[in-house]
Each structure stands twice: as C-alpha cells, then as structure tokens.
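These notes concern the structure reproduced below.
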Amino acid sequence: MTTTPTRTPPSAAADGARQTPSKPLPRPELKSLTAPYWEAAKRHELVMQRCTACAGWIFYPREQCPVCFSQKLEWAPVSGRGRVYTFTIVHQPAHPGFQGETPYTYAIVQLDEGVRVPTNIVECAPEDVRVDMPVVAVFDDVSVEWTLVKFKPA
Amino acid sequence: MSFRGKTAIVGIGETAHKRSWPNRSALGLAAEAAAEAINDAGLRREDIDGLISISMSFLPQRVAEYVGIRPTGFAAGVGMNGATPGAAITIAAALLDEGVCNYILFVNGNARDPANPGSFTGAPGEAGGSTRPDFISEFVSPYGPAIAANTNYALLYTRHMYKYGTKPEQLARISVNQRFNAGPNPLAALRDPMTVDDVLNSRYVNYPLHILECVMPCAGGIAFIMTTAERARLLRRPPVYVLGAAVAQGFDNSWLTPDICQTATAFSAPAAYRMAGYGPKDFQFAEFYDCYTILHATTLEDAGICAKGEIGPFFESTDTTFKGSFPINTDGGQLSCGQFIAGSSGTQHVTEAVRQIRGMAGERQVARHDLCVVNVNGGSPSQEATMVLGSANAL
C-alpha cells in the first residue's frame with residue numbers, strides 16, 4: 001500500500017522512460033449492455049446486436065430497436081467481413097496517446113450485414129486505403145481487459 | 001398556416017472576430033453586441049421582451065441580467081451548436097407572429113482569453129471524446145479520431161470524392177473566394193489574399209482536410225433582434241423579412257446517415273422554400289455555414305444551388321466573390337472571419353445577409369440584394385436550418 005499519489009499512468013511507469021500518455025481504453029456508459037460485445041472481442045470473435053422482432057442489425061448497442069421499438073435484442077456472430085465506407089488519415093489526433101503513430105487510418109467499415117462501425121485499417125499503409133476496399137476484422141489485444149476490433153485488407 | 005413575411009430582422013450587432021479577447025469575458029462581449037443591435041434597431045433596452053440564448057453555454061437568466069434586459073414575454077436557451085441562430089429565427093418568427101412577445105433578442109459571446117480558461121464558452125469536452133462515459137468514449141475514442149470536429153467532416157469529404165469525383169482543388173476555391181470577400185471586412189480575423197495552391201500546400205489536419213479548409217476558432221460577441229413586420233416598418237432600418245425558415249435534425253454520428261453525403265439541409269431547404277414561395281433559381285446571393293469547405297459544398301448541393309454531386313464543377317465555373325455572378329459568404333465567412341464557437345457560429349451568416357439586403361455592406365455590397373438564402377449547420381454535421389430572407393421588394 002502506498003501513501004504517495006502518482007500522476008504517472010501505469011503503462012508509462014512500466015516503460016520507465018518518457019511519460020507517454022496512454023491511449024484511451026473503451027469507457028462504457030452501461031457495462032451490462034455492451035459486455036457481450038467486449039467479451040466476444042476478447043475471444044477474437046465479432047458479435048453484433050440484432051433485433052429478434054424485425055431481424056435488423058444494430059450498432060451502436062442500444063436498449064431498444066430503433067426500427068421497430070422492440071426491446072427483445074440478442075447478440076449474434078457476424079462474418080467480420082465488410083468494405084471501407086469512408087476514412088480519414090489522422091495527422092493530428094485528439095488524444096495525445098496516438099501522437100507517436102501518425103499518420104494512421106481511422107475508418108468507418110460497413111459490414112456485409114449492413115451495419116457501420118468506427119475502426120482503424122491496419123496492415124495497410126494509409127495512402128493505400130481506398131473507399132469500398134474489402135476488409136476483414138482483426139483483433140488487437142490492447143490490454144489484459146480490452147480487445148479492439150480493427151480491420152485489414154481482405 | 002405560415003409566418004411568411006410576418007416578421008423581420010431589425011437590428012444587428014457584431015464585434016470584431018479575434019483569436020482571443022484578453023481581459024474580456026464572454027458575457028461582456030455578448031452585452032456589447034446586444035447593445036449595438038438595440039441601438040441599430042433604434043430601440044431601448046426596455047423594449048426587448050424576448051430573449052433566445054444558448055442552452056449549452058449561455059443560459060438566458062444570466063445573459064438577461066448582465067445585458068440589462070427584462071425578457072418577461074419569452075426566454076429560452078436553444079442548443080443546436082452552429083445551427084442555433086437558425087432554430088432561434090424559426091422559433092422567434094412563430095412566437096412573434098402569434099403575439100407572444102414583441103421584440104426578441106438573440107445574443108451570444110465568447111472571449112477565449114488565454115489567461116482565463118473559463119472564458120472559452122462552449123469548448124468541446126475532453127480531447128477525443130466526452131468527459132462522461134458514452135457511446136463515443138466506448139466505441140470511437142479508442143480508435144484515435146482526429147482533434148476537434150475534423151474527423152466526421154473528413155469522413156464526409158472522402159466519401160464525396162469517391163462518390164462524385166469531387167477534387168480538393170475545386171473545394172479550395174471556397175477558401176480562396178471567401179478570403180477575397182474578407183478583404184474589405186474590418187471584422188474579419190484573416191484578410192490576406194490566398195491562392196488555391198496555398199490551400200493545397202497547407203498541412204493536413206487529417207486527410208483530406210487541409211488546415212486552410214478548416215475554421216479557426218475565434219472570439220467576439222454577436223446579436224440580432226426580430227419583431228413583427230408591422231413594428232419593423234416603424235423602425236429606422238429597412239426591414240429584412242423572414243420569408244421562410246425551417247430546421248431539420250440529422251444523425252448525431254453523421255456516418256450513421258444512410259447516405260453520408262446527404263445533410264439535413266436536403267429537408268430544411270425545401271421546407272423553407274415552400275414557405276417563401278421561392279426556389280434556388282430565384283436567389284441573388286447566399287450565406288452558407290462554412291466550418292469546413294466540404295460542409296459548405298455539401299449543403300449548397302442539398303439546398304439545390306447546384307445539382308447533387310456537381311459542387312466541384314460549380315466552383316470551377318462560378319465566381320462566388322461579392323463581385324461575381326452568384327456571391328456566397330460575402331463577409332469572408334467563418335473560414336476568413338474566424339468561427340465564433342459555442343452555438344453562435346452561424347450567426348454571422350445572418351448578420352451579413354441583413355447588411356447586404358439593407359444595402360449597407362459598403363465596399364463588399366453585392367449588386368442584387370433583395371433575396372438571399374441562408375443555411376446554418378450544427379454538429380458534425382448533424383442539424384441544419386435554412387432561411388429565406390428578403391427586402392420589401394421580395395415580399
């Protein structure tokens with residue numbers, strides 16, 4: 001037990017060198033709602049919320065279907081395949097944790113199931129990313145607790 | 001049922017746009033603009049019985065008290081980001097037409113005094129997302145979006161280039177033409193001429209957005225006053241009539257829009273035109289929100305100023321300077337004046353339309369100035385408001 005408060009984030013302290021700010025990890029408003037998504041990601045599986053009444057896919061996760069207002073929603077596996085709907089190459093990130101990685105690709109991927117998700121395109125130089133390019137999900141274990149879903153060229 | 005021509009804008013106030021106003025407060029600058037608008041209209045502060053300010057940053061009770069007005073007929077804080085003045089005009093026109101109150105003031109201010117962090121009204125939340133956990137902090141921030149509002153506008157830009165073949169050298173003309181317009185505007189923060197190459201050679205904030213296609217946040221105060229058409233005709237300035245006004249709400253996350261290339265202006269503009277009885281071919285000039293070139297471009301398309309997807313060729317073939325065939329953003333727009341953030345950034349499009357319609361825009365006065373279309377945008381992009389404003393000749 002320590003009595004000395006520290007302002008150093010744990011990951012930077014472990015580096016012992018420059019105090020690079022950590023990247024933000026997901027901060028859910030309602031953990032019970034989205035836990036199935038993050039638990040699946042940790043198993044390197046992609047699941048999406050689906051309405052059992054109208055069969056529509058939903059993202060981001062909600063308590064009620066925005067199409068038919070049903071509250072009977074389930075989590076179901078998706079293909080993990082899709083296409084780049086649009087993208088931007090970030091030179092000036094909002095969060096200082098990303099400073100060392102610029103330029104990188106922030107994208108919206110439209111899954112074959114029709115839903116769109118914010119993500120990064122990896123294993124592809126930013127200048128080679130194209131709208132409508134086929135992509136497939138990859139899983140980035142960014143911490144013990146969290147796995148982010150990114151996409152690479154299919 | 002329509003309030004077409006039943007109300008008018010009768011007073012405007014606008015301070016210089018500056019990167020910061022040291023030793024001034026947001027309320028102080030707002031009060032200065034409010035006083036200017038009241039004087040401009042030839043009213044006394046006791047006449048103002050209605051107030052619309054900003055719910056996000058500038059609550060009506062504090063504004064009324066500080067400025068020294070008693071809005072006992074109506075008061076509300078409206079929060080539609082940059083589209084707030086458009087929502088305010090729509091609400092005010094309906095209320096005035098119903099006789100709820102007589103004179104409504106809209107006012108906002110921002111100081112951005114570096115020595116006083118509290119003077120940055122309406123500053124966005126934590127970098128890369130909100131301070132409170134929400135959808136953004138869970139599913140967006142971990143993937144590293146760009147600073148400020150740049151991400152979603154860049155997503156629109158990339159898709160627009162893909163879908164319609166729009167080129168950055170075409171959209172760069174927006175920044176260039178508006179900078180020409182800012183030349184004779186003493187209120188603008190940026191007035192030095194620039195070229196298409198200057199824009200294309202400026203650094204990327206995030207591809208495809210060059211920094212000279214993005215607004216610079218600025219500070220100042222801005223205000224306008226509305227009243228009924230009958231009262232307006234007794235005041236000192238030529239009335240600027242509200243011929244049509246409409247507000248449309250789009251998605252909060254614009255990339256969830258079925259077609260990201262369509263803004264809510266596709267709904268607000270036709271509604272405003274139906275009320276006014278005028279359409280795109282009738283307008284003599286336009287004042288369109290311009291936080292980014294791509295937002296300006298897309299809303300001009302959605303308002304029918306050119307066909308959908310044709311904004312690139314439109315800017316190649318149209319002189320949009322105040323001397324040109326179809327002047328747009330005749331004061332230099334936000335891209336040259338600097339953006340009054342905190343919910344009032346669309347207000348300069350209203351005040352400039354008023355100056356031009358009155359024929360009081362000085363060196364940058366446009367030749368034909370009886371009928372103008374104004375569009376203001378909030379979010380990135382989310383909500384839009386479109387207004388048709390005109391002189392007595394357009395009634």
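Chain naming here is simple, since letters A, B, ... match the order of the sequence lines and numbering starts at 1 in each. If you're wondering where the values come from, they're calculated on a predicted model, not measured in any experiment.
Counting heavy-atom pairs closer than 4.5 Å to chain B, the top residue among Leu30(A), Leu25(A), Thr34(A) is Thr34(A). Ranked by heavy-atom pairs under 4.5 Å with chain A, the first of Lys163(B), Arg203(B), Met161(B) is Arg203(B). Among Val84(A), Thr86(A), Val149(A), the residue with the largest count of heavy-atom pairs under 4.5 Å with chain B is Thr86(A). Interface remark: of the candidates Phe87(A), Phe98(A), Tyr85(A), Phe59(A), Tyr85(A) forms the most heavy-atom pairs closer than 4.5 Å to chain B. When each of Thr257(B), Leu209(B), Leu156(B) is scored by its heavy-atom pairs under 4.5 Å with chain A, the top score falls to Thr257(B).
Within the 6.0 Å centre-distance limit, the rings of His17(B) and Phe340(B) are counted as a close aromatic pair. Centroid-to-centroid, the aromatic rings of His210(B) and Tyr204(B) come within less than 6.0 Å. You'll find the ring centres of Tyr60(A) and Phe135(B) inside the 6.0 Å limit.
Within the 4.5 angstrom heavy-atom criterion, only side-chain atoms of Asn253(B), from C-beta onward, approach chain A. Both the backbone and the side chain of Ile260(B) come within contact range of chain A, judged by heavy atoms closer than 4.5 Å. Interface residue Trp38(A): only side-chain heavy atoms are found under 4.5 Å from chain B.
With Glu301(B) contributing its side chain and Gly309(B) its backbone, the two residues share a donor-acceptor pair below 3.5 Å.
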Next item on the list: Show your working on side chain to side chain contact (heavy atoms under 4.5 Å, CB included) between Glu316(B) and Ile311(B) and close with a plain yes or no.
Entry: CA-CA 9 Å; Glu316(B) 279 178 337; Ile311(B) 199 66; over 6 Å; no
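In this structure the side chain of Arg173(B) reaches within 4.5 angstrom of the side chain of Val196(B), judged on heavy atoms.
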